[in-house]
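First the structure, in the form of structure tokens, and then the observations on it.
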Amino acid sequence: MSLPVPTKESVVVVTGASAGIGAELARQLAALGHDLVVVARREDRLLELADDVRVSHGVDVFVHAADLREREARVGLLGMVAERERHVVGLANNAGYGSNGRAWELDPDGEEGQVALNIAALHHLTLAVVPEMVRRRAGAVLNVASGAAFQPMPGMATYAATKAFVQSFSEAIHAELAGTGVSVTTLCPGPVDTEFGEVAGFDESSFPGVLKVSAEEVAAQAVRGMLTGKRSVIPGPQNKVLSLAGRYVPRTVLLPAMRRQTLS
Ligand SMILES: NC(=O)c1ccc[n+]([C@@H]2O[C@H](COP(=O)([O-])OP(=O)(O)OC[C@H]3O[C@@H](n4cnc5c(N)ncnc54)[C@H](OP(=O)(O)O)[C@@H]3O)[C@@H](O)[C@H]2O)c1
């Protein structure tokens, strides 16, 4: 069934809901009538979103401020959902960030933090919620990867590698879940105007406008993917073509070209 109809015992968890794609996912899942747990570090932003969504859609929204790089914080999140006697019918593992530059010249803690958030948190939360979804024969996980998942990226080495993990792990689990009523959808957006570029330290305008898809449209396609149990969602036709290039252009050609573009 993938994402089932909402009930008062169920909830959808959205991580990274204080900005960008996550905030849009939260709004659109609430519009379907789902009660939400919204998670990020900036509580003020989450409270603002929660007020807005409650008024617009009449759903319950539980705000949980947490740094998901920390295992304890993830355990706390799962405990909070259990305390409220809700079961998770949807999980959007959206929180994530990147960095820009030669990996060995960047802040090592920032690089390690990407592994903790983009990989470990997503892995932990996915494996925490899927068993109960399988027992109930319904549920949808959305794991946010990136167009960066399709090839190594000089200039974003750690980030692209984390997203390759997300894609590989999520597609494999999706296949393992065949016939259970539960799906794991991998979302691979190209460039989206959010706070991502500012956090990663690069100029958003360096991306051709033709590749850009709005956060609203990305979230709409992602939510449709959760409803229909799709394996993979790549918003934007140009980004679909680029994903093929990332997979099939030989690395001997691709890597020097990317290095020239991102590190010159
Ligand atoms: N924008 C793009 O071009 C693009 C393209 C492909 C993929 N993506 C992926 O899309 C996802 C959403 O990114 P976005 O573009 O919406 O970026 P964004 O506007 O920077 O939002 C990132 C979200 O993640 C949260 N977050 C960051 N660190 C966190 C932590 N340690 N613990 C908990 N939450 C944390 C942020 O909230 P706080 O700062 O409040 O914690 C924020 O809500 C990411 O996984 C990103 O890799 C983005």
Side-chain angles (χ1 to χ4, degrees), residues 13-28 36-50 63-74 76-77 91-100 109-110 112-125 142-151 153 156 158-167 170 185-209 211-219 221-222 232-236 238-239 242-243 246:
V13 177
V14 181
T15 74
S18 63
I21 297 168
E24 275 303 323
L25 286 168
R27 286 198 185 89
Q28 295 186 29
L36 301 177
V37 175
V38 290
V39 192
R41 292 166 302 178
R42 286 171 292 179
E43 190 171 30
D44 54 337
R45 293 272 201 106
L46 294 177
L47 289 168
E48 208 175 298
L49 173 81
V63 166
H64 192 78
D67 184 339
L68 293 173
R69 290 172 297 187
E70 310 290 336
R71 191 167 211 288
E72 291 285 290
R74 302 187 306 252
L77 164 65
L91 166 66
N93 273 313
N94 163 79
Y97 73 99
S99 56
N100 182 37
D109 291 342
E112 193 178 320
Q114 287 173 58
V115 177
L117 182 65
N118 303 3
I119 296 181
L122 174 142
H123 186 259
H124 181 180
L125 295 178
L142 177 76
N143 282 343
V144 182
S146 165
F150 293 102
Q151 66 287 299
M153 288 187 66
M156 296 191 87
T158 301
Y159 179 72
T162 67
K163 294 303 185 177
F165 176 95
V166 173
Q167 184 182 50
S170 307
T185 301
T186 308
L187 175 66
C188 296
V192 186
D193 276 334
T194 63
E195 295 171 15
F196 179 85
E198 194 187 322
V199 173
F202 60 74
D203 178 9
E204 294 272 5
S205 64
S206 58
F207 290 108
L211 297 180
K212 290 191 181 173
V213 179
S214 69
E216 197 178 354
E217 178 57 23
V218 168
Q221 293 193 28
S232 170
V233 174
I234 306 173
Q238 296 85 347
N239 292 316
L242 275 187
S243 76

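One-based numbering, in listed order, for ligands and for the atoms of each. Computation of the quantities below employed the complete heavy-atom set of this structure, encompassing side-chain atoms and omitting hydrogens, waters and symmetry-equivalent molecules.
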Quiz item: Can you name the side-chain hydrogen bond (donor to acceptor under 3.5 Å, both in side chains) partners of Asn118, sequence neighbours left out?
Solution: Thr162
Self-check item: Parallel, tilted or perpendicular: rings of Phe202 and Phe207 (30°, 60°)
Solution: perpendicular
Quiz item: Of all residues at least two apart in sequence or in a different chain, which pass the side-chain hydrogen bond (donor to acceptor under 3.5 Å, both in side chains) check with Ser243?
Solution: none
Exercise. Only pairs at least two apart or in different chains count here, so list each salt bridge (Lys or Arg N to Asp or Glu O under 4.0 Å) that has a residue in residues 186-195.
Key: Arg42-Glu195, Arg45-Glu195, Asp193-Lys212
Practice problem: Check Leu25, Asn93, Leu91 against Leu142 for a side-chain contact (heavy atoms from CB on, under 4.5 Å) and give me the one that passes. | Solution: Leu25
Exercise. Would you please test Glu24 and Glu217 for side chain to side chain contact (heavy atoms under 4.5 Å, CB included) and show each step?
Key: CA-CA 9 Å; Glu24 275 303 323; Glu217 178 57 23; over 6 Å; no
Self-check item: Pocket residues of ligand 1, ordered first by chain and then by residue number (heavy-atom cut-off under 4.0 Å)
Solution: Gly16, Ala17, Ser18, Ala19, Gly20, Ile21, Ala40, Arg41, Arg42, Ala66, Asp67, Leu68, Arg69, Asn94, Ala95, Gly96, Leu117, Val144, Ala145, Ser146, Tyr159, Lys163, Pro189, Gly190, Pro191, Val192, Thr194, Glu195, Phe196
